[in-house]
Amino acid sequence: MSLVLKMSFESDSEPNPEAYTVGWIAQMPIELTAARTAFDFKFNNGHSLCLSGHNEYFGGRIGDFYVVMAVCAEIGTTHAQSLARNMCDVFPRIEFLLLVGIGGGVPKYGTDLQEEMVLGDVVVDRPGYGISGVFDYSRGAETKDGFIASSSVPAPPDLLLQAVGTLESNYSMEFYPKIIPRIL
């Protein structure tokens, strides 16, 4: 299966706020800088969009999606929640709201925590083990049996979970081509 992205001619004019369906929140300015390089097309010549007195937003397209990005005033869950709420008020048709940034909360993973996160790694979680896939480490406790989460956020939409499944399949096809005939 291949993904074909259609790029159409864009004008530099800002689209209606209702055109945006993806919100991208960065915790730190350096994360926003990296995120803005992902735009295939930047509205307003890459300058911030003047849509709200509360926050600065950067709008553009990634593939066929209208994406709006912003950075939190300070690092922390309260600032991220406030920005998310304001972003959804200004851009009422946002379907996917992503918090994208440096994975400092996942420094090691894998069997016996031997694998390390490095710059460029992408971490996507999904539901399992009785939780939605994303949880706040401040809402739980470390026990002799491991970390026990006391709460979690709602699971991602099925469309995003299916995309993760496709990524896993693509990874398997790339790195395990010799075992596929044995599986079938």
Side-chain angles (χ1 to χ4, degrees), residues 14 17-39 42-44 46-62 65-110 113 115-143 145-161 163-164 167:
E14 297 173 18
E18 293 191 10
Y20 292 92
T21 57
V22 178
W24 182 319
I25 295 175
Q27 283 278 333
M28 300 175 0
I30 191 72
E31 295 169 344
L32 178 63
T33 301
R36 290 171 60 194
T37 66
F39 282 135
K42 298 173 188 153
F43 295 112
N44 201 25
H47 299 289
S48 64
L49 305 176
C50 299
L51 296 171
S52 168
H54 299 291
N55 299 294
E56 279 194 277
Y57 299 103
F58 296 89
R61 300 227 358 181
I62 299 176
F65 295 95
Y66 285 84
V67 180
V68 62
M69 298 179 181
V71 65
C72 294
E74 294 182 41
I75 294 175
T77 56
T78 302
H79 296 284
Q81 288 171 344
S82 176
L83 178 56
R85 185 175 41 256
N86 290 335
M87 185 180 281
C88 289
D89 286 345
V90 175
F91 304 94
R93 293 200 52 232
I94 288 180
E95 296 175 36
F96 304 110
L97 189 56
L98 310 171
L99 178 63
V100 181
I102 298 169
V106 190
K108 295 187 182 233
Y109 65 97
L113 300 177
E115 303 292 325
E116 292 190 42
M117 295 293 300
V118 297
L119 188 60
D121 284 352
V122 176
V123 177
V124 180
D125 209 348
R126 62 182 181 171
Y129 307 105
I131 62 170
S132 68
V134 178
F135 58 93
D136 184 346
Y137 275 98
S138 67
R139 301 197 183 238
E142 189 67 44
T143 69
D145 297 322
F147 184 80
I148 305 296
S150 61
S151 68
S152 62
V153 299
D158 285 345
L159 182 61
L160 293 181
L161 295 174
V164 170
L167 288 172

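Not measured: the values here are computed from a predicted model. Counting from 1, the numbers follow the sequence of the chain as shown.
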Is the shortest heavy-atom distance from the side chain of I94 to the side chain of V68 under 4.5 Å?
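Heavy-atom side-chain distance check passes, below 4.5 Å.
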Roughly how far apart are N86 CG and Q81 CD, rounded to 0.5 Å?
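Here the interatomic distance stands at 12.0 Å.
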Do the ring centers of F91 and Y57 come within less than 6.0 Å of each other?
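Ring centroids of F91 and Y57 are less than 6.0 Å from each other.
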Flag, side chain of T33 to backbone of P29, donor-acceptor distance under 3.5 Å:
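The answer is yes, because a donor-acceptor pair under 3.5 Å joins these two groups.
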About how many Å separate CZ of R85 and CG of L97, when rounded to the nearest 0.5 Å?
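Reported value, rounded in 0.5 Å steps: 12.0 Å.
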Could you walk me through whether I62 and W24 satisfy the side-chain contact (heavy atoms from CB on, under 4.5 Å) test, starting with their C-alpha distance in whole Å, then the side-chain angles of each, then the deciding distance to 0.1 Å, before giving a yes or no?
CA-CA 12 Å; I62 299 176; W24 182 319; 3.9 Å; yes
For A70 against E56, the heavy-atom pair lying closest together
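Scanning both residues completely, I find the closest heavy atoms to be CB-O, 3.5 Å.
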Closest non-hydrogen atom pair between K42 and R36, with its separation
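Looking at all heavy atoms of both residues, the closest pair is CE-O, 3.5 Å.
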Considering only heavy atoms from C-beta outward, does the side chain of Q27 approach that of L83 to under 4.5 Å?
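A side-chain contact is absent here, since even the closest heavy-atom pair is not under 4.5 Å.
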Backbone N/O of T21 and side chain of R93: donor-acceptor pair under 3.5 Å
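It does not hold such a pair.
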Would you call the rings of F43 and Y66 parallel, tilted or perpendicular, taking 30° and 60° as the class edges?
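Plane angle under 30°, so parallel.
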Side-chain heavy-atom pair T78, S82 within 4.5 angstrom cut-off
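SC-SC contact between T78 and S82 ruled out.
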Side chain proximity check, L98 to V22, heavy atoms < 4.5 angstrom:
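Yes, at least one pair of side-chain atoms sits under 4.5 Å.
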Do the non-hydrogen side-chain atoms of F39 and R61 ever get within less than 4.5 Å of each other?
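Side chain of F39 against side chain of R61, heavy atoms only: no contact under 4.5 Å found.
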F58 side chain near N44 side chain, heavy-atom distance below 4.5 Å:
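No, too far: nothing below the 4.5 Å cut-off.
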Roughly how far apart are Y20 OH and M69 CE, rounded to 0.5 Å?
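Interatomic distance, Y20 OH to M69 CE, rounded to 0.5 Å: 10.5 Å.
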Does a side-chain heavy-atom distance below 4.5 Å link F96 with L159?
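Answer yes - side chains close enough.
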Can a donor-acceptor pair be found, under 3.5 Å and without considering hydrogens, that links the side chain of E31 to the backbone of M28?
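Yes: the side chain of E31 pairs with the backbone of M28.
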Which heavy atom of A80 sits nearest to which heavy atom of C72, and what is that distance?
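It is CA-SG, 3.6 Å.
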Less than 4.5 Å apart, any side-chain heavy atom of I25 and any of M87?
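Yes, side chains in contact.
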